[in-house]
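Whatever order the structure lists ligands and atoms in, that order sets their numbers, starting from 1.
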Amino acid sequence: MSFEEYKAALGTSASRRALLFRDGRPFHVLLSQQFSRDDLIHLTDTATSIRRLDRHRDGRDFLRGLLRGIRVMNLFAQPSTRTAESFIAAADKLGATTRLVADIRTSSFSKGETVEDSVRTLSSFFDTIVTRHPEDDFAVRAAWGLQRSSRPIPVVSAGSGKSQHVTQSLLDIYTLRYSLEQRGGIDGRTVLLVGDILRNRAARSLAYLLTKFDVARVDFVSAKNYLPEGGLVQYIEKHGIKVGVDDNLESYLKRRGGEVDAIYMTRLQQEWDKGDGQPTAKGGELGTEDAFVLKSEFRSLIREDCVLMHPLPRVNELPESWEDHPGFVVWRQVRNGMWMRAALFAAIHGADQEIRARAVRLGLV
Ligand code: CP
């Protein structure tokens with residue numbers, strides 16, 4: 001199968017499942033669309049089991065033995081604080097060992113080595129590759145290259161260009177499910193995503209994942225230049241979900257604020273202004289314009305039980321004054337990143353059933 005054929009096959013649900021899952025478990029993790037509702041329920045329940053086992057002395061020792069001998073390569077060609085460290089912490093919780101390459105210039109990519117040759121080399125020493133790269137297709141190309149090799153190890157995207165940030169959206173769904181648990185869960189909810197949707201891979205991946213639930217509405221508030229592209233809107237609508245698009249947060253909240261169950265704020269992704277996805281030079285003006293800032297004065301426009309989320313890093317779009325709002329769960333999202341990524345490693349390497357069984361046996365779930 002050529003790379004073009006592989007990419008095209010990822011566009012349909014049946015072939016996507018065949019390519020990205022093995023024995024019903026995720027193998028490569030490349031796209032939010034690859035997960036079913038049942039997969040998401042299973043992963044989030046596993047994350048809860050891991051979180052509770054980790055608090056239990058015997059549970060913690062049990063977790064540490066599960067992936068002993070598994071080696072994880074974190075290959076990060078773009079900056080990261082949360083994702084890289086939470087993948088390392090997640091692996092650590094399950095006893096796997098990790099290595100981080102955070103400056104890709106120190107690898108042979110800088111000598112012109114192809115993606116395929118590089119990941120094939122890494123597969124000799126590692127059992128999973130986690131990769132963040134400014135190119136949308138880097139992780140897909142790595143997975144395709146490994147499929148054709150004699151040692152096809154799993155590839156997990158930790159952020160693919162402007163396109164997707166699958167594992168961020170998994171932890172976001174976990175946080176939403178957990179935050180809305182007492183109110184009947186994610187089904188029937190209205191979720192508002194604010195900011196640079198065109199270039200924010202976390203918001204885009206979350207929008208895809210929301211279609212796995214029976215949400216009532218997905219609304220976007222975004223500057224005209226950064227609106228979600230037609231394909232994403234059509235995908236959501238195809239799942240029977242209403243989509244709204246607006247270009248001013250204040251006027252949107254005055255009309256609909258009381259109906260919104262969760263707000264997902266994002267920053268202006270200025271690292272893409274030059275087109276390369278690398279950090280914006282210091283001294284440049286950072287931050288979004290006023291129309292896309294969740295100002296403190298909007299507090300009366302939303303409900304006290306509205307969930308407030310942000311993938312971080314933030315600049316000016318979600319002021320610190322919101323941190324005492326009852327729905328502010330941004331720091332919980334960060335922590336959940338570790339549990340959800342541990343659940344993903346467990347599912348990929350076949351330790352998830354054992355985790356769930358042990359949590360039941362210890363009376364933790
Ligand atoms: N949310 C997120 O991806 O953060 P990092 O860029 O710090 O990994």
Side-chain angles (χ1 to χ4, degrees), residues 29-32 47 72-92 98-104 128-136 138-139 155-176 179 193-210 262-273 276-280 282 286-288 294 307-318 320 322-323 328-345:
V29 177
L30 305 177
L31 301 163
S32 281
V72 178
M73 161 53 74
N74 282 322
L75 187 62
F76 276 62
Q78 284 180 296
S80 172
T81 302
R82 279 146 291 272
T83 311
E85 291 304 328
S86 68
F87 266 114
I88 291 169
D92 197 42
T98 50
R99 169 143 163 67
L100 172 65
V101 172
D103 184 352
I104 212 148
T128 299
I129 298 180
V130 176
T131 173
R132 167 172 288 194
H133 201 278
E135 287 169 22
D136 287 2
F138 183 88
V155 174
V156 178
S157 166
S160 302
K162 299 188 274 283
S163 164
Q164 291 241 5
H165 193 345
V166 190
T167 62
Q168 174 72 44
S169 68
L170 292 173
L171 75 90
D172 290 335
I173 280 292
Y174 181 41
T175 307
L176 258 184
S179 304
L193 297 102
V194 183
D196 183 353
I197 309 300
L198 185 67
R199 305 184 297 178
N200 189 289
R201 55 196 176 196
R204 298 166 49 72
S205 279
L206 178 59
Y208 281 115
L209 273 197
L210 286 171
I263 301 178
Y264 194 83
M265 296 298 298
T266 66
R267 73 186 165 88
L268 189 58
Q269 305 286 137
Q270 286 157 293
E271 65 270 35
W272 294 107
D273 288 350
D276 61 0
Q278 294 304 334
T280 311
K282 273 213 166 89
L286 284 177
T288 192
L294 191 67
V307 183
L308 296 180
M309 302 175 74
H310 193 304
L312 299 180
R314 63 177 159 177
V315 185
N316 63 330
E317 62 284 348
L318 182 59
E320 280 182 23
W322 284 97
E323 297 210 9
F328 188 93
V329 294
V330 174
W331 300 114
R332 191 180 293 163
Q333 281 173 270
V334 174
R335 184 91 177 145
N336 283 347
M338 176 174 65
W339 304 127
M340 201 55 182
R341 288 172 175 127
L344 199 56
F345 280 143

N or O pair under 3.5 Å between Ala84 and ligand 1: no
Side-chain heavy atoms of Phe138 within contact of Thr131, under 4.5 Å: yes
Sub-4.0 Å heavy-atom approach of Ala202 to ligand 1: no
Option whose closest heavy atom lies nearest to atom 4 (O) of ligand 1, chosen from Arg82, Arg132, Gln333, Arg314: Arg82
Ligand-residue contact atoms, ligand 1 with Thr81, heavy atoms, under 4.0 Å: 5 (P), 7 (O), 8 (O)
Positive for side chain to side chain contact (heavy atoms under 4.5 Å, CB included) with Leu318, one of Thr266, Val330, Leu312, Ile263: Val330
Ligand 1 N/O within reach of Pro311 N/O, cut-off under 3.5 Å: yes
No-hydrogen, no-angle side-chain donor-acceptor test under 3.5 Å, Arg132 and His165: yes
Side-chain donor-acceptor pair present, Arg332, Thr175, cut-off under 3.5 Å: no
Per-atom contacts of ligand 1 with Gln168, taking only distances under 4.0 Å to non-hydrogen atoms: 1 (N), 2 (C)
Residue pair Gln269 / Asn200, side-chain donor-acceptor N/O under 3.5 Å: yes
